[in-house]
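Below is one structure, written out as structure tokens; the observations come after it.
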Amino acid sequence: MSGRAAEPPPEATLRRWEREQAQLKAGVVEEDTEEWQKDASFTGLERVGGVDLSYIKEDDTSACASLVVLSYPALEVLYEDCRMVAVSAPYVAGFLAFREVPFLVEAVQRLQQEEPKLRPQVLLVDGNGLLHPRGFGVACHLGVLTDLPCIGVAKNLLQVDGLVRDELHREQIRSLQKEGDTFPLAGTSGRVLGMGVPGDSRASSQVLLQVPDPRAHPSG
């Protein structure tokens, strides 16, 4: 996810977005709630989804909103939804969800209507989860609105809760040599906000995974 809008929103809009984040944050569930999450082999996990907005080069208002569902562990494509969308909300650090989540929610809703049996059991989201200035990044936002377990996947460290890109962090990244290597993203508050894991062998950066289950409590 990327893209930048030239005109920043009014201060009143930012305050309204902050209030909305605070209200929705009450719906985040950080504990594992699904049986497959409690099994080291993920027994019972059959469908994994991924979402992203990819922007047209040099055009921050045109993007492709994508939702893909794969079988697990075979990773065969079960469902694809890719649609061009017109993005009107500006990019503001800490408020990415207000720019992108509406399109991702619509994609999940279309899946639910067209192929409900292919609803993913977990969604990988290109963005942050708990590792966020207000503890409510785009992955949490989407999880609460869709009632789906979501994992935030980021390439760069957002420096919050005392986490910094210092020599210790760089050494931890260098330690990620093979599949299975990890290190915790632990803030000065003592909370573990995510895990560092190796990136794809074709990429040069690490991947930061955040929040095993940020979603809304079932309603009734």
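Computed from a prediction, not measured in an experiment: that's the story for all the values here.
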Distance (rounded to the nearest 0.5 Å) between K38 NZ and E35 CD: 4.5 Å
Using side-chain heavy atoms (C-beta onward) and a distance below 4.5 Å, is F95 in contact with R134? yes
Group every Ile, Leu, Val, Met, Phe, Trp and Tyr by side-chain heavy-atom contacts under 4.5 Å, then state whether V160 and F183 land in the same group. yes
Taking transitive links into account, so neighbours of neighbours count too, which hydrophobic residues share a cluster with M84 at under 4.5 Å side-chain distance? I56
Carefully, step by step, assess E115 and R47 under the rule salt bridge (Lys or Arg N to Asp or Glu O under 4.0 Å). CA-CA 13 Å; E115 298 284 354; R47 297 175 306 283; over 6 Å; no
Could you check if a side-chain atom of P133 sits within less than 4.5 angstrom of a side-chain atom of L158, using non-hydrogen atoms only? yes
Honestly curious: do L193 and L168 fall in one hydrophobic cluster under the side-chain, below-4.5 Å linking rule? no
Run the side-chain contact (heavy atoms from CB on, under 4.5 Å) check on L104 and L67 step by step: do they pass? CA-CA 8 Å; L104 303 179; L67 164 63; over 6 Å; no
Given side chains that start at C-beta, do those of V105 and T146 come closer than 4.5 Å, heavy atoms only? yes
To the nearest 0.5 Å, tell me how far L118 CG sits from D81 CG. 12.0 Å
Should E100 and Y91 count as side-chain neighbours, where that means a heavy-atom distance under 4.5 Å? no
Quick check: do D126 and V153 have side-chain heavy atoms less than 4.5 Å from each other? no
Joint cluster assignment, F42 & I151, ILVMFWY side-chain distance < 4.5 Å: yes
Once ring pair (Phe, Tyr, Trp, His ring centres under 6.0 Å) is applied, do any residues pair with F103, and if so which ones, sequence neighbours excluded? none
Inter-residue atom distance E106.CD - R83.CZ, 0.5 Å rounding: 9.0 Å
Is Y72 close to V122 at the side-chain level, that is, under 4.5 Å between some pair of heavy atoms? no
I want to check a possible cation-pi pair here: R119 against Y79, using under 6.0 Å from ring centre and within 45° of the ring axis as the test. no
Would you check, one step at a time, whether the test side-chain contact (heavy atoms from CB on, under 4.5 Å) holds for L131 with R191? CA-CA 10 Å; L131 189 60; R191 297 183 68 197; over 6 Å; no
Looking at E179, I'd like to know if its CD atom is crowded, meaning that more than 12 non-hydrogen atoms belonging to other residues, nucleotides or ligands lie closer than 6.0 Å. no
Minimum-distance pair of heavy atoms, taken over all atoms of A186 and L163: O-CD2, 3.3 Å
Could you check if a side-chain atom of L111 sits within less than 4.5 angstrom of a side-chain atom of P120, using non-hydrogen atoms only? yes
Tightest non-hydrogen contact, residues W36 and L45, listed as CB-N, 3.6 Å
Would you say L185 and L176 are hydrophobically clustered, going by side-chain heavy atoms of ILVMFWY under 4.5 Å? yes
When every non-hydrogen atom of A154 is compared with those of N128, the smallest separation belongs to CB-OD1, 3.6 Å
Could you give the distance from CZ (R174) to CG (D181), rounded to the nearest 0.5 Å? 14.5 Å
To the nearest 0.5 Å, atom CG of D166 lies from atom CG of L157 at 9.0 Å
Parallel, tilted or perpendicular: which describes the rings of W17 and F98, with under 30° parallel and over 60° perpendicular? parallel
Report the distance from atom CD of E34 to atom CD of Q121, rounding to the nearest 0.5 Å. 8.0 Å
